[in-house]
Amino acid sequence: MAYWLMKSEPDELSIKGLETLGEARWDGVRNYQARNFLRAMAVGDQFFFYHSSCPEPGIAGIGTIVEAAYPDPTALEPDNHYFDAKASPEKNPWSAINVAHVETFPCVLGLGYLKQQAALAELPLVQKGSRLSVMPVTAEQWAAVLALR
DNA sequence: GCCAACGTTGGC
DNA sequence: GCCAACGTTGGC
């Protein structure tokens, strides 16, 4: 089993929203590096749910992958925010996965707090200029974050 | 709203 | 293949 971190704007989907839904499609990833990580995910993998572009950016909980990567339908919907004119049913470069809620942390682990953790120094999330929205997390980093809950 | 940093586009 | 211009991300 592998560990990941994925960013979501809480206005679109928050950890509470996922908790309410139980399961959700994770779509709209439009970056090749992030997409490649999506495709590397296996059912049963777990991920930290990070809230971005919001008043309190940080890790808000844990989710798990319940369906591995498949073509992202939002790329084919003209009215969708994530529509991609270059995608077609035959050739859709983008991927989506299905996820389920696992745990909502009592408090959000803020970005500033995460940056103070020596054990997380190698995590792309805390590195200057990093905009990657889907990234791998090592077992050591995973344990270090769990200890902060 | 600002702006640093990054990714993508497109002319050459 | 280079690189300038542009668009996007995302914290503050």
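Sequence lines set the chain letters: A, B, ... in the order given, protein chains first and strands last, and positions in each chain run from 1.
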A.B. asks: Got a salt bridge between A/Lys86 and A/Asp84, using NZ or NE/NH1/NH2 to carboxylate O under 4.0 Å?
C.D. replies: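 Judged by the 4.0 Å cut-off on N to carboxylate O distance, A/Lys86 and A/Asp84 do not form a salt bridge.
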
A.B. asks: Charged N to carboxylate O under 4.0 angstrom, A/Arg35 versus A/Asp72?
C.D. replies: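 Answer for the salt bridge query: no.
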
A.B. asks: Using modelled atom types only, decide if a donor and an acceptor are shared between the side chain of A/Lys7 and the backbone of A/Leu132 within a distance under 3.5 Å.
C.D. replies: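 Pair found, side chain donor or acceptor close to backbone of A/Leu132.
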
A.B. asks: Just by modelled atom types, is the A/Leu13 backbone N or O under 3.5 Å from a matching donor or acceptor in the A/Ser8 side chain?
C.D. replies: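 Pair found, side chain donor or acceptor close to backbone of A/Leu13.
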
A.B. asks: Does this structure show an ion pair linking A/Arg25 with A/Glu67, if we count only N-O contacts that are shorter than 4.0 Å?
C.D. replies: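 No salt bridge links A/Arg25 with A/Glu67.
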
A.B. asks: Could you go through nucleotides 6-12 of chain C and list every protein N or O atom that sits under 3.5 Å from one of its N or O atoms, giving the distance for each pair?
C.D. replies:
from: C/dT8; atom 1: O2; to: A/Arg131; atom 2: NH1; distance (Å): 2.9
from: C/dG10; atom 1: OP1; to: A/Lys7; atom 2: NZ; distance (Å): 3.0
from: C/dG10; atom 1: OP1; to: A/Arg131; atom 2: O; distance (Å): 3.0
from: C/dG11; atom 1: OP1; to: A/Tyr50; atom 2: OH; distance (Å): 2.7
from: C/dG11; atom 1: OP2; to: A/Ser53; atom 2: N; distance (Å): 2.9

A.B. asks: With a cut-off of less than 4.0 Å, is there a side-chain N or O of A/Lys128 near OP1 or OP2 of B/dA5?
C.D. replies: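 Yes.
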
